[in-house]
8 protein chains.
Amino acid sequence: MKKPIVGIIMGSDSDLPTMQEAALILDEFGVPYEMKITSAHRTPNFMAKYSSSALKRGIKIIIAGAGGAAHLPGMSASHTPLPVIGVPIKTKSLDGLDSLLSIAQMPGGVPVATVAIGGGKNAGLLAIQMLAISDKGLMKKVIEYKKKLEKESLKKNKAVSN
Amino acid sequence: MKKPIVGIIMGSDSDLPTMQEAALILDEFGVPYEMKITSAHRTPNFMAKYSSSALKRGIKIIIAGAGGAAHLPGMSASHTPLPVIGVPIKTKSLDGLDSLLSIAQMPGGVPVATVAIGGGKNAGLLAIQMLAISDKGLMKKVIEYKKKLEKESLKKNKAVSN
Amino acid sequence: MKKPIVGIIMGSDSDLPTMQEAALILDEFGVPYEMKITSAHRTPNFMAKYSSSALKRGIKIIIAGAGGAAHLPGMSASHTPLPVIGVPIKTKSLDGLDSLLSIAQMPGGVPVATVAIGGGKNAGLLAIQMLAISDKGLMKKVIEYKKKLEKESLKKNKAVSN
Amino acid sequence: MKKPIVGIIMGSDSDLPTMQEAALILDEFGVPYEMKITSAHRTPNFMAKYSSSALKRGIKIIIAGAGGAAHLPGMSASHTPLPVIGVPIKTKSLDGLDSLLSIAQMPGGVPVATVAIGGGKNAGLLAIQMLAISDKGLMKKVIEYKKKLEKESLKKNKAVSN
Amino acid sequence: MKKPIVGIIMGSDSDLPTMQEAALILDEFGVPYEMKITSAHRTPNFMAKYSSSALKRGIKIIIAGAGGAAHLPGMSASHTPLPVIGVPIKTKSLDGLDSLLSIAQMPGGVPVATVAIGGGKNAGLLAIQMLAISDKGLMKKVIEYKKKLEKESLKKNKAVSN
Amino acid sequence: MKKPIVGIIMGSDSDLPTMQEAALILDEFGVPYEMKITSAHRTPNFMAKYSSSALKRGIKIIIAGAGGAAHLPGMSASHTPLPVIGVPIKTKSLDGLDSLLSIAQMPGGVPVATVAIGGGKNAGLLAIQMLAISDKGLMKKVIEYKKKLEKESLKKNKAVSN
Amino acid sequence: MKKPIVGIIMGSDSDLPTMQEAALILDEFGVPYEMKITSAHRTPNFMAKYSSSALKRGIKIIIAGAGGAAHLPGMSASHTPLPVIGVPIKTKSLDGLDSLLSIAQMPGGVPVATVAIGGGKNAGLLAIQMLAISDKGLMKKVIEYKKKLEKESLKKNKAVSN
Amino acid sequence: MKKPIVGIIMGSDSDLPTMQEAALILDEFGVPYEMKITSAHRTPNFMAKYSSSALKRGIKIIIAGAGGAAHLPGMSASHTPLPVIGVPIKTKSLDGLDSLLSIAQMPGGVPVATVAIGGGKNAGLLAIQMLAISDKGLMKKVIEYKKKLEKESLKKNKAVSN
């Protein structure tokens, strides 16, 4: 098994259904990853250690999902020079608007690459695109993936044409 | 000078005008405090160290102010068993709604005692009330403070009576 | 049975499921409490009497839950020098955003320690933390509780490790 | 001077500019009123006493203005059988959305007749309309007032006609 | 059967469940009313005629419910000197926030007495309170109603006392 | 002077700066229009008469601007079979979100073609596009207008090219 | 079969239930249309080609539905001089508020005629109204349609009359 | 002068002050870039051509800023396999909430790496971090940059220490 180069982390195992969509994309593109549950609030030291050691351990991108007062993506970003992708998890009370604002509204100096509420799949794709900057083979796959999306969308027209 | 028992922390010196209102209240009640700028995002290690050592150093309550993706109060709370009071700082783009949601919507297990947007003064008062639980002298002062508020409010009626 | 030192109040018995989570935490930490239904709007006199007599009766903290135009926490705070913790109850129409704003946005002079929408459990924990300021045994339990949270969170990694 | 039949109350003297618009309307219609500063939070007992004695003192309608966690209208309504008109005051952080929700979202059993954010003038008019239900002279004035509004609006067409 | 003095109108029969709560209250207080479906958008002329003739026909108060771009309460108010109570109906997409803003944010000169989202019951009570200004018997009933609410709320304490 | 085929109406003369942008566009395209101040709330009869007679008088499109509980566009649409374009005017308290929801969220059967908050210019353009459906000369001008926009935008690149 | 003069496009087949309501209206009025799935994001070239060739192909109006970061209506409008009607599709996380803002808040120069969230039916009607500007037969049908709406609404009064 | 590897694009020259903060960061890190004004709405073909040719021309990352119905980042992402960073520009009416939702809420398959409202600086930093994945020298600079931020923040404590 190959050494992981993407770290998928989430605050709670209830975030797993959303974050597994990121994993599925990485699997599809053949990019090795690791998956951890590390809460900014319940395991702040593990989160800090995981994030600050990620570069050394060969991780190139961190994908972090969290809901509500969603601090995991931003805190992970504060502990690592690696790009961090934040996934706002849909919440029961405010439908994820709280998660979105808690993740996107980062102060100058510490960015988080925020995707849509519940956007696990796009988080995976964004990680692939970042890696593809310096990996021609992967870039080719991204181009093919986009073509496949296009074809599938065009094909759906058969069902609606009147 | 007495040893501080309240720690006032904030993410940036631009939060100072709001947070100094907390300090003024503590001064008024004679409660010693210390004030630090420690950003969850720019100085995560100092923040973690400050928060996790606070109890040992004699701090009893932490008041934390932050704006936007306001992670300082929640992260401080994750590193200390002490009660943490969160002050959502008003922001330029979303007027502090982002700060409020980022601070109040904490997950089960790690509470933050959130006050109003820009509520530095009330953060100071809430700290006093917490301390007054086990300090009769301070409780007496709180009772007097509330009476003073009442009198001042009643007195304003002279100006509006027609 | 020990004399209650925390008062859990709520506007309606429909708030009970949320507020009982606060009670469960107090039970877990061995802190005696009382629970009352007292609506700011339907029983304003009982609410005022309950709140203004709380200190004398040995209550140290009030936890108040309410939804919609949630006035109970703020009104209880106006009648007592004790710290009041406000729990915004999730509502049918606006999902608790109305409750959150009605509780958190208190004016200078009368703070309410607001927790997350539906945050009964965290309200209980915050009360414990406030009491632990002057109770070393309780503080030890808070530290242990946080360690337990940490362990449980770390343990969940076994299920997701690939 | 005639005995007041409308009570205009507000939480703070900073609400005066908005609430004086209600007073101007009452003056215009010749309806006697009184104006008081009584905060639900700073003077809860005065507020309760004022509201619960209003009917006996000859007051027929209460107009209450408040901002933020705006509890004054709802609390006044809880203490009196009289109709209460609530005026959400514009706030610095959330522009009065907090005030609007805190006033309008009252639970079943205790209504508050809520007007627009900053709607002092309409609060005065609504009070007049309520009184006019049983006062033919006043109803005639309301009808004339509406005609005047209509005329003034129509007249403005001269300026824009091209 | 007595001549109706309150008109309950609504934009669509889907609003009936909410508006019938107003009718139930009027029944309980023995106040005769009529109920009409008249849409500001689908039957603007009937709405205008209904509203502008209401005073002459002996109607004293109009209760109007509508959802979404909820124009019925405001338009009814523009056609009558009578007080109009607006009930924001909960909507599928925005949960009634659109209805609340469309009803409450009326311009100076034409007030609508807005109640909570889905607040049919409170609309009925508010109408009763307006009528009670000049009807001592009704005022007595309002006082009794409030006492009943109080008793029922206090009684619920038996279930929660520990 | 040519007979107007577009009617620009607005609730108040304070809406004029926004609505004049629509007029400027119509001038630019040589489409004759009339401009009226007609408030849904202050002049409901003039509004109804204006809207219901518009088709007969040769008007083909109505552009209606209003703010807050913005009922003018929807009410005008209820009185005419003509297409109505709604312009949400920016408001002091809620920045036009109230206007946008009051105009866009129309019920099935009575559409309003809503443009952006403050979008007077786009309302004018949309009217032109509607007319251009059956007017080749006008369609040509729309195509040229879009080309001009494109050129101007491209030209701005000279200033930023580094 | 007649040549289509309205193009109904949508970003995904999951938008079909909403957009078919537009088709049903066009069927009812006898206006020929075509229906396509063309995503601004997955098939940007097909979308651009479809939109920029629409005028030439005899299309007179485009109705475009999309959800979330709903770019289809605005992008279609950028590629065609024809009027574009935008339908904000209700979304899982933010209930369509994101769709509404993404469609309505277009910049000066490129309008989109936005209808309500989920307003497929009104999009169809608005298209009919635009076509009816220059088609007396269609205008007659619109007038009849509005009369039918009126009758149906009035008829519902039988069920509620007490 | 070196060939640009980052493309900074924006919808209008009014976005320049925000986007130039991205350029300043790229300058500071010595990363060559180009800056273009290309509106999704006014120059859709230039936008499409710019985006779809970017990879071939050696561009590795696109930073796109837009406000309101902010379609530029998402449309650019639909035309290129490269990672696209979206900067929501603050708007006059809705303060950038519309921009944020229009950029972040992208559908599955086409991610945009969204930063905070007005977050030009962080967009630049995020681009640097993406490039640093495969550029050790750049990664070292990122680490130094974060250390500098830390030092500057810590230094500010001198001013507040009491």
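Letters A, B, ... are given to chains in the order of the sequence lines, protein chains preceding strands, and every chain is numbered from 1.
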Original post:
Taking every heavy-atom pair that is under 4.5 Å apart, which of Ile103(G), Val110(G), Leu100(G) has the most such pairs with chain H?
Top reply: Val110(G)

Subject >> For chain G, the option from Ser12(H), Gly74(H), Ala77(H) that forms the most heavy-atom pairs under 4.5 Å >> reply: Gly74(H)

Original post:
What do you reckon, is NZ of Lys49(H) surrounded by more than 12 foreign heavy atoms closer than 6.0 Å?
Top reply: no

Original post:
Between the side chain of His71(G) and the main-chain N/O of Ala40(H), is any donor-acceptor distance below 3.5 Å?
Top reply: no

Original post:
Below 4.5 Å, heavy atoms only, C-beta onward: do Arg42(G) and Ser78(H) meet side chain to side chain?
Top reply: no

**OP:** Check whether any side-chain heavy atom of Met75(H) sits under 4.5 Å from a side-chain heavy atom of Met47(G), and report yes or no.
**Re:** yes

**OP:** Might you confirm whether atom NZ of Lys148(H) has over 12 heavy atoms from other residues, nucleotides or ligands at distances under 6.0 Å?
**Re:** yes

Subject >> Distance in Å, Leu101(G) CG paired with Ser99(H) OG, rounded so as to fall on 0.5 Å steps >> reply: 9.5 Å

Subject >> Top contributor to chain G interface from Ala66(H), Ser93(H), Pro44(H), Gly68(H) [non-hydrogen pairs under 4.5 Å] >> reply: Pro44(H)

**OP:** Using non-hydrogen atoms and a 4.5 Å limit, figure out which bit of Ala70(G) sits close to chain H: side chain, backbone, both or neither.
**Re:** backbone

Original post:
Pick from His79(G), Met106(G), His41(G): which one has the most heavy-atom pairs with chain H under 4.5 Å?
Top reply: His41(G)

**OP:** Determine, stepwise, if the pair Gln105(H) / Leu94(G) fulfils side-chain contact (heavy atoms from CB on, under 4.5 Å).
**Re:** CA-CA 10 Å; Gln105(H) 291 292 82; Leu94(G) 297 179; 3.8 Å; yes

Original post:
Between Ser102(H), Pro107(H), Gly109(H), which has the largest tally of heavy atom pairs under 4.5 Å with chain G?
Top reply: Ser102(H)

Original post:
If you round to the nearest 0.5 Å, how far is CG of Asp98(G) from CG of Leu97(H)?
Top reply: 10.0 Å

